[in-house]
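For reference, the structure discussed in these notes is given below.
The sequence lines fix the lettering, A, B, ..., with proteins before strands; numbering per chain opens at 1. On a predicted model such as this, the values are computed, not experimentally measured, just so you know. What you see below is based on every heavy atom in this structure, not just the backbone, and it leaves out hydrogens, waters and symmetry mates.
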Protein chains: 2
Amino acid sequence: MTSTADAPRPPGRPRSVRADEAIIEATLDLLAEGSTIEAISVEAIAARAGVGKATIYRRWAGKDALLHDALRTLKGEPPQPSGRSVREDLVALVGAVGQNIDPRAAKIMPCLVPNVKRNAEHYALYQSIVEPRRAVMREVLRRGIRDGELRPDIDVEVTLALITGPLLIQRMLNWNPDLDETTLPARVVDQVLAGIQAR
Amino acid sequence: MTSTADAPRPPGRPRSVRADEAIIEATLDLLAEGSTIEAISVEAIAARAGVGKATIYRRWAGKDALLHDALRTLKGEPPQPSGRSVREDLVALVGAVGQNIDPRAAKIMPCLVPNVKRNAEHYALYQSIVEPRRAVMREVLRRGIRDGELRPDIDVEVTLALITGPLLIQRMLNWNPDLDETTLPARVVDQVLAGIQAR
DNA sequence: TAGATACGAAACGGTTCCGTATCGATAATG
DNA sequence: CATTATCGATACGGAACCGTTTCGTATCTA
């Protein structure tokens, strides 16, 4: 990828890899602390990264491009289910909702909410992160149907939202202050499995 | 309240009620269009309301106070269930999630997400809107348990999140582009009622 | 060593915003 | 009519920020 074989090193001082990383890290840090995307200033990023503003503008066309690249690094790989049981897999998957490899992701996510529905590019970025995770969970449900653990007539897409929604609103908004976030995944999955209707 | 009995009208030109309303309306309009709270400027509000900035600062101490008052007007009364059946009531309640009397509410809600977990005052305001609606839904569930429509051992608080979460993430984020928002309430409620486990 | 490029720091012009102040005009009371 | 407070409009000082440019310095290749 970064080999010099097909790209004969250009003359002059090469760009500092440390600066690249420091800029991205500083951006994510500030996003995790700050309130919204617009509130982050390039000057603050440069200061936090120990970098001149020119170094940033040498790499990115502007604030938007930098933010887009920074957010892309949060992607990460979706978790892989163990496959022992549908319940166990779902509890693990739903427990990971809104918690990527990077612990800052949970704090950054709310900052993006206002933009997701207004900016097509942000929405595409958001979906590119969420869809693979939905796909993993979808496959667990399909496996459960095949194996007879789940009823064959369930609405898979609705079930995805049913399992993900509660964790998302609780982690993003602390929607119900009386709900304990640590035990919530298991309780949600068990309730979805069992249903609430009298039989 | 606004009678002149115990408050002898002070001298001078009285404040324009039209200006009051125009300012609040302009604030909500801009919030519904704009992206985040910070992005709204007092000057834009004044221009939209056809009002001088001084007229705003004569009424509110600053932008925060104005925004707080404007958001409070979105509160409205929580919907009342018909009481015919648990299913019918839940479908109606969950259909109203994120949709207050004011149609702008659905667009404004995402703007507040970043602040809710960081600002205690915003969180209190948010809860003061959400809690009454949760209470109505909670009462429907308790009634269902009493009447034998629902199992007595269900986790009521989890069920609230289970029913609300999917609608909230779908309306706020369009979380799953393949889910139809109009049919979602009924599908969510039916799935929660039935459960997904094979029996 | 010479040339080229990147570096951090600093400054610049232009824009936006906040909160205050000041207009002449307006609308109420006494 | 005199008084008083508000009206919309406009300007101001101060601050923050963007994106660009210019420093002198550092680091690479040829």
Side-chain angles (χ1 to χ4, degrees), chain A residues 2-27 29-31 33-70 111 115 119, chain B residues 2-27 29-31 33-70 111 115 119:
Chain A
T2 55
S3 80
T4 57
D6 53 350
R9 158 86 61 83
R13 177 176 174 175
R15 291 201 177 160
S16 159
V17 181
R18 286 196 49 184
D20 281 85
E21 294 167 355
I23 293 168
I24 296 288
E25 284 302 299
T27 305
D29 278 352
L30 287 174
L31 269 178
E33 298 168 8
S35 50
T36 64
I37 287 188
E38 292 93 340
I40 306 296
S41 74
V42 176
E43 305 193 84
I45 293 172
R48 169 73 69 105
V51 152
K53 273 169 63 177
T55 303
I56 292 181
Y57 282 102
R58 205 173 285 120
R59 289 163 164 76
W60 289 277
K63 185 158 79 159
D64 288 349
L66 167 56
L67 286 175
H68 190 266
D69 268 18
C111 304
N115 304 75
N119 184 319
Chain B
T2 55
S3 80
T4 56
D6 53 350
R9 157 87 62 83
R13 178 173 175 176
R15 296 209 174 150
S16 159
V17 181
R18 286 195 52 184
D20 280 87
E21 294 168 354
I23 292 168
I24 296 289
E25 284 302 300
T27 305
D29 278 351
L30 286 174
L31 270 177
E33 298 168 7
S35 52
T36 64
I37 287 187
E38 291 93 340
I40 306 296
S41 74
V42 176
E43 306 194 81
I45 294 172
R48 169 72 69 104
V51 152
K53 271 170 64 176
T55 303
I56 292 180
Y57 281 102
R58 206 173 285 121
R59 289 162 164 76
W60 290 277
K63 184 159 77 159
D64 288 349
L66 167 56
L67 286 174
H68 190 267
D69 269 18
C111 304
N115 304 75
N119 185 320

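Rounded to whole Å, the distance from CH2 on Trp60(B) to C1' on dT6(D) is 14 Å. What separates CZ of Arg58(B) from C1' of dT4(D) is a distance of 13 Å, to the nearest Å. Put simply, CD on Glu43(B) is 13 Å from P on dA9(D), counting in whole angstrom units. In this structure, Lys63(A) places its NZ atom 14 Å from P of dT20(D), rounding to the nearest Å. Between the C1' atom of dT6(D) and the CZ atom of Arg15(B) lies a distance of 8 Å, rounded to the nearest Å. Separating the CD1 atom of Ile23(B) from the P atom of dT6(D) is a distance of 13 Å, rounded to the nearest angstrom.
At the heavy-atom level, Ala54(B) lies under 4.0 Å from base atoms of the strands shown. Using a 4.0 Å heavy-atom cutoff across all strands shown, Lys53(B) reaches at least one base atom of the nucleic acid. Ala46(B) comes within contact range of no nucleotide atom at all, as no heavy-atom separation falls under 4.0 Å. Looking at heavy-atom distances under 4.0 Å, Arg59(A) makes contact with sugar-phosphate atoms alone, never a base. Here Ile45(B) lies out of heavy-atom contact (under 4.0 Å) with every strand. Within the 4.0 angstrom heavy-atom criterion, no nucleotide atom of any strand lies near Ile56(B).
Annotation: side chain of Leu67(A) is in contact with side chain of Leu31(A) (closest heavy-atom distance under 4.5 Å). A heavy-atom distance below 4.5 Å is not found between the side chains of Asn115(A) and Thr36(A).
One can find a donor-acceptor pair under 3.5 Å joining the base of dT6(D) and the side-chain atoms of Arg13(B).
Summary of the strand contacts: Ala49(A) and Val42(B) both lie near DNA chain C, and taking for each the nucleotide with the nearest heavy atom, the more 5' one is attributed to Ala49(A).
In terms of heavy atoms, Ile40(B) sits closest to Leu30(B) at CD1-O, 3.5 Å.
No option in Ile24(A), Asp20(A), Leu66(A), Val51(A) other than Asp20(A) meets the side-chain contact (heavy atoms from CB on, under 4.5 Å) test with Arg59(A).
Put simply, chain A comes within 4.0 Å of DNA chain C, heavy atom to any atom, from dA4(C) to dA9(C), going 5' to 3'.
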Apply the test side chain to side chain contact (heavy atoms under 4.5 Å, CB included) to residues Ile37(A) and Lys63(A): give CA-CA distance (whole Å), side-chain angles for both, the deciding distance (0.1 Å), then the verdict. CA-CA 10 Å; Ile37(A) 287 188; Lys63(A) 185 158 79 159; 6.0 Å; no
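Atom CH2 of Trp60(A) sits about 9.0 Å away from atom CD1 of Ile45(A), to the nearest 0.5 Å.
Judged by distance alone, the side chain of Arg15(A) and the main-chain N or O of Arg58(A) form a donor-acceptor pair under 3.5 Å.
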